[in-house]
Amino acid sequence: MRYLGAMIVALALAAPVAAQTGPASDLFAFSQGARLVQVPDDAEFTAMDSSPLNLIDGSATTDWTGEAGRPAVFVLELAERTELSRIAFDTAFLNRDEKSPRAIRVELSDTSARSGFVPILAADLKMKRDGQSFGFDPEHRPVGRWVRLTIASNYGDDYTGFTGFHGYGRQLTATATLPDVTGRYEGWSGWGTLNLTQSGDTVTGCYEYQAGRVTGRVDGRVLTLDMVETGPDGAPRRLRGYFGLTPDGGKLIGFARGLTESDRLGYATYMSADRQSNRPGACR
């Protein structure tokens, strides 16, 4: 009961704060190892213009979109057990003002993705605005690993959109790992065959599309890849991708975007690949 009481106090003391900048990492980001483990029934991960991954992709210009009229529920599994200091929301780049989420609720569990949730924030968000930030009293900061976001209403549109869901604080554990990614994969989204070789934390490899080459590293349960493709004119195109494995280790999923200033506004593509073998093919 002591834990529950502290969480209820945290709910009461959560208050809007000014948007903050600096080196603090967004611990709700896919690139930090966060994973969506529950999404609304009508959500499609591979639909780039409406994917729930757009909530945690690090871009304020890409949005999840779903039908309004019933609560939309997302459950986020963080990479580590985490003490939250603040939560923030982005909605400024929605294509219609009334798609903006209005009444929202955030709950946190230290038990599992399905149980143990305690409310930590209930608020009405402002229409079409980035950096809506809510801080927690330092003496009663909520602790957990699973975050449940419920969008109860919007501002009147038939669809609801959301461009960013962010969480900041400190990780209390350092246990997240990624199984060895060495192998040959059959890629979707035009990748073709993908070959990866892992040595320690370092990963190298190649894929068929545009004679792609990759180098990267594993950090926790995130595989970060620097990718170079060679177009028909011989000019290189550089991208950075963030990937993870499904729990059974059979599929690599993630997204990538270019490194130019304009590319940083949104991700270039979502990528997935099914593991065919634990032995990679040769990179020519």
Side-chain angles (χ1 to χ4, degrees), residues 19 26-78 87-107 113 117 121-134 146-167 188-190 239 241-244 246 251 253-258 262-272:
D26 176 7
L27 300 178
F28 289 3
F30 187 91
S31 62
Q32 295 294 317
R35 298 290 182 267
L36 284 162
V37 295
Q38 180 183 334
V39 297
D41 292 340
D42 62 348
E44 294 289 342
F45 278 101
T46 57
M48 289 184 64
D49 61 347
S50 61
S51 173
L53 283 175
N54 290 336
L55 277 173
I56 59 171
D57 70 353
S59 169
T61 66
T62 58
D63 65 284
W64 160 78
T65 293
E67 291 188 17
R70 58 179 178 174
V73 180
F74 302 84
V75 176
L76 192 63
E77 181 185 81
L78 306 182
I87 298 173
F89 307 88
D90 293 331
T91 62
F93 280 86
L94 294 172
N95 61 343
R96 296 191 301 273
D97 293 4
E98 290 77 14
K99 285 175 63 177
S100 300
R102 188 168 189 170
I104 58 95
R105 182 173 67 253
V106 181
E107 301 163 279
F117 284 98
L121 174 66
D124 277 4
L125 299 182
K126 297 184 183 302
M127 185 186 296
K128 207 172 183 188
R129 181 179 298 184
D130 282 353
Q132 300 186 59
S133 187
F134 299 83
W146 292 271
V147 183
R148 184 161 66 193
L149 169 66
T150 301
I151 304 166
S153 64
N154 67 4
Y155 278 87
D157 199 281
D158 290 338
Y159 291 87
T160 300
F162 219 141
T163 59
F165 181 40
H166 313 285
W188 299 87
S189 303
L239 305 97
Y242 300 97
F243 299 90
T246 53
K251 184 186 291 288
I253 59 172
F255 39 70
R257 65 180 173 190
S262 60
D263 286 331
R264 291 173 189 161
L265 293 176
Y267 278 87
T269 185
Y270 296 113
M271 296 178 170
S272 64

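Residue numbers run from 1 in the order of the sequence given.
No option in R102, K128, R129 other than K128 meets the salt bridge (charged side-chain N to carboxylate O under 4.0 Å, His left out) test with D97. With F165 as the partner, the ring pair (Phe, Tyr, Trp, His ring centres under 6.0 Å) test is satisfied by one option alone out of F74, F134, F28: F28.
T163 is not listed as a side-chain neighbour of T61, based on a closest heavy-atom distance of 4.5 Å or more. A heavy-atom distance below 4.5 Å is found between the side chains of I151 and F162. The closest side-chain heavy-atom distance from L76 to L149 is not below 4.5 Å. Within the 4.5 Å cutoff, side-chain heavy atoms of T150 are placed close to those of E107. The closest side-chain heavy-atom distance from K126 to T91 is not below 4.5 Å. Considering only heavy atoms from C-beta on, W188 stays 4.5 Å or farther from M271 through its side chain. Contact annotation: the side chain of P101 approaches that of L125 to within less than 4.5 Å [non-hydrogen atoms, C-beta and beyond]. Using a 4.5 Å cut-off on side-chain heavy atoms (C-beta onward), Q38 and V73 make contact.
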Steps toward side-chain contact (heavy atoms from CB on, under 4.5 Å) verdict (F89, V106) | CA-CA 11 Å; F89 307 88; V106 181; 4.0 Å; yes
In sequence, state the C-alpha distance, the side-chain angles, and the governing distance for Y159 and R96, and then conclude on side-chain contact (heavy atoms from CB on, under 4.5 Å).
-> CA-CA 9 Å; Y159 291 87; R96 296 191 301 273; 4.2 Å; yes
Run the numbers on F93 and D130 for side-chain contact (heavy atoms from CB on, under 4.5 Å), then give the verdict.
-> CA-CA 8 Å; F93 280 86; D130 282 353; 4.0 Å; yes
Stepwise side-chain contact (heavy atoms from CB on, under 4.5 Å) test for L36 and I56 | CA-CA 9 Å; L36 284 162; I56 59 171; 4.1 Å; yes
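Taking A103 as the reference, D124, A152, S153 meet the side-chain contact (heavy atoms from CB on, under 4.5 Å) condition, with sequence neighbours excluded.
Here the closest heavy-atom approach between residue G58 and residue R257 is recorded as O-NH1, 4.2 Å.
With hydrogens and angles ignored, the 3.5 Å screen pairs a side-chain donor or acceptor of N154 with a backbone N or O of D157. Distance alone, capped at 3.5 Å, places no donor-acceptor pair between the S100 side chain and the M127 backbone. Distance alone, capped at 3.5 Å, places no donor-acceptor pair between the D90 side chain and the A60 backbone. Between the side chain of R35 and the backbone N or O of L78 there is no donor-acceptor pair closer than 3.5 Å.
Checking Y270 against D57 by side-chain atom types alone, no donor-acceptor pair falls below 3.5 Å.
Within 6.0 Å of CZ on F45 lie more than 12 heavy atoms contributed by other residues, nucleotides or ligands.
Separating the CD atom in E44 from the OG atom in S50 is a distance of 8.0 Å, to the nearest 0.5 Å.
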Report all side-chain donor-acceptor pairs from residues 63-70 shorter than 3.5 Å, counting only partners two or more places apart or in another chain.
| residue | atom | partner | partner atom | Å |
| --- | --- | --- | --- | --- |
| D63 | OD2 | T65 | OG1 | 2.5 |
| T65 | OG1 | K99 | NZ | 3.2 |

